[in-house]
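Predicted, not measured: the structure shown is a model, and the values here were computed from it.
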Amino acid sequence: QVQLVESGGGLVQAGGSLRLSCAASGTIFGINAMAWYRQAPGKQRELVADITSGGSTNYADSMKGRCTISRDSTKNTVYLQMDALKPDDTAVYYCYARRLTTTYWGQGTQVTVSS
């Protein structure tokens, strides 16, 4: 089992920045990818960014140039730095991990961007 705990969400004005953190614990050996997804009210959950165990990254078109996903292997933590936030970025942000063929989700952290 893998446990994921997100932190760092909150209320920010448009144009501001936030850094989300996701701490993984449990059976973390074998995690081959981690990611951030988000879900706005009335919308489907969508990928924001992901990072593989090899360090390759991928970003949603809507967030390219405005966010950076990174990881600290020593802390088993993945970060999402988000800049130039817009009201459309308001959503619950979820941490995701894939270990072998099993996927895990965090409980989510709310990000609200005011105009």
State, with a plain yes or no, whether a side-chain heavy atom of [X] is found less than 4.5 Å away from one of [Y].
X	Y	value
T109	V92	no
M34	T52	no
V12	T112	no

Results of side chain to side chain contact (heavy atoms under 4.5 Å, CB included) for [X] - residues two or more places apart only:
X	answer
A40	K43, A91
S7	S21
E46	R38
S25	Q3

Problem - disulfide (SG to SG under 2.5 Å) partners for C95, two or more places apart - result: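 By the disulfide (SG to SG under 2.5 Å) rule, C95 matches C22.
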Practice task
Hey, could you give me each pair passing ring pair (Phe, Tyr, Trp, His ring centres under 6.0 Å) that has a residue in residues 47-97? Not counting sequence neighbours.
Solution key: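 Ring pair (Phe, Tyr, Trp, His ring centres under 6.0 Å) check on residues 47-97 returns Y37-Y96, Y96-W105.
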Exercise for the section: Return yes if some donor-acceptor pair links the side-chain N/O of E6 with the main-chain N/O of Q107 below 3.5 Å, else return no. Expected result: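 It does hold such a pair.
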Handout entry: T77 side-chain N/O to K75 backbone N/O, donor-acceptor pair under 3.5 Å
Key =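 It does hold such a pair.
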Indicate the atoms forming the closest heavy-atom contact of [X] with [Y], along with that distance.
X	Y	value
F29	R99	O-NE, 2.6 Å
S53	I31	CB-O, 3.9 Å
L47	A35	CD1-CB, 3.9 Å
W36	L20	CH2-CB, 3.6 Å
A14	P87	CB-CD, 4.1 Å

Mind checking what makes side-chain hydrogen bond (donor to acceptor under 3.5 Å, both in side chains) contact with [X], not counting sequence neighbours?
X	value
T57	none
R98	N32
S17	D83

Problem - Worked verdict on Q110 versus T90 for side chain to side chain contact (heavy atoms under 4.5 Å, CB included) - result: CA-CA 8 Å; Q110 177 71 45; T90 295; 4.0 Å; yes
Handout entry: Hydrophobic cluster membership, V78 vs V5, 4.5 Å side-chain cutoff
Key =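 Different clusters.
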Exercise for the section: Quick one: which residue pairs count as a disulfide (SG to SG under 2.5 Å) with a foot in residues 59-88, not counting sequence neighbours? Expected result: none
Handout entry: Inter- and intrachain pairs under salt bridge (Lys or Arg N to Asp or Glu O under 4.0 Å), touching residues 57-72, at least two apart
Key = D61-K64, R66-D89
Exercise for the section: Not counting sequence neighbours, list each pair that qualifies as a salt bridge (Lys or Arg N to Asp or Glu O under 4.0 Å) and has a residue in residues 21-32. Expected result: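 Every pair satisfying salt bridge (Lys or Arg N to Asp or Glu O under 4.0 Å) with a residue in residues 21-32: there are none.
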Fill in the blank from the handout: CG of L80 to CD1 of I69, rounded to nearest 0.5 Å, is 6.0 Å
Completion exercise
Here the gap from S114 atom OG to L11 atom CG, rounded to the nearest 0.5 Å, amounts to 5.0 Å
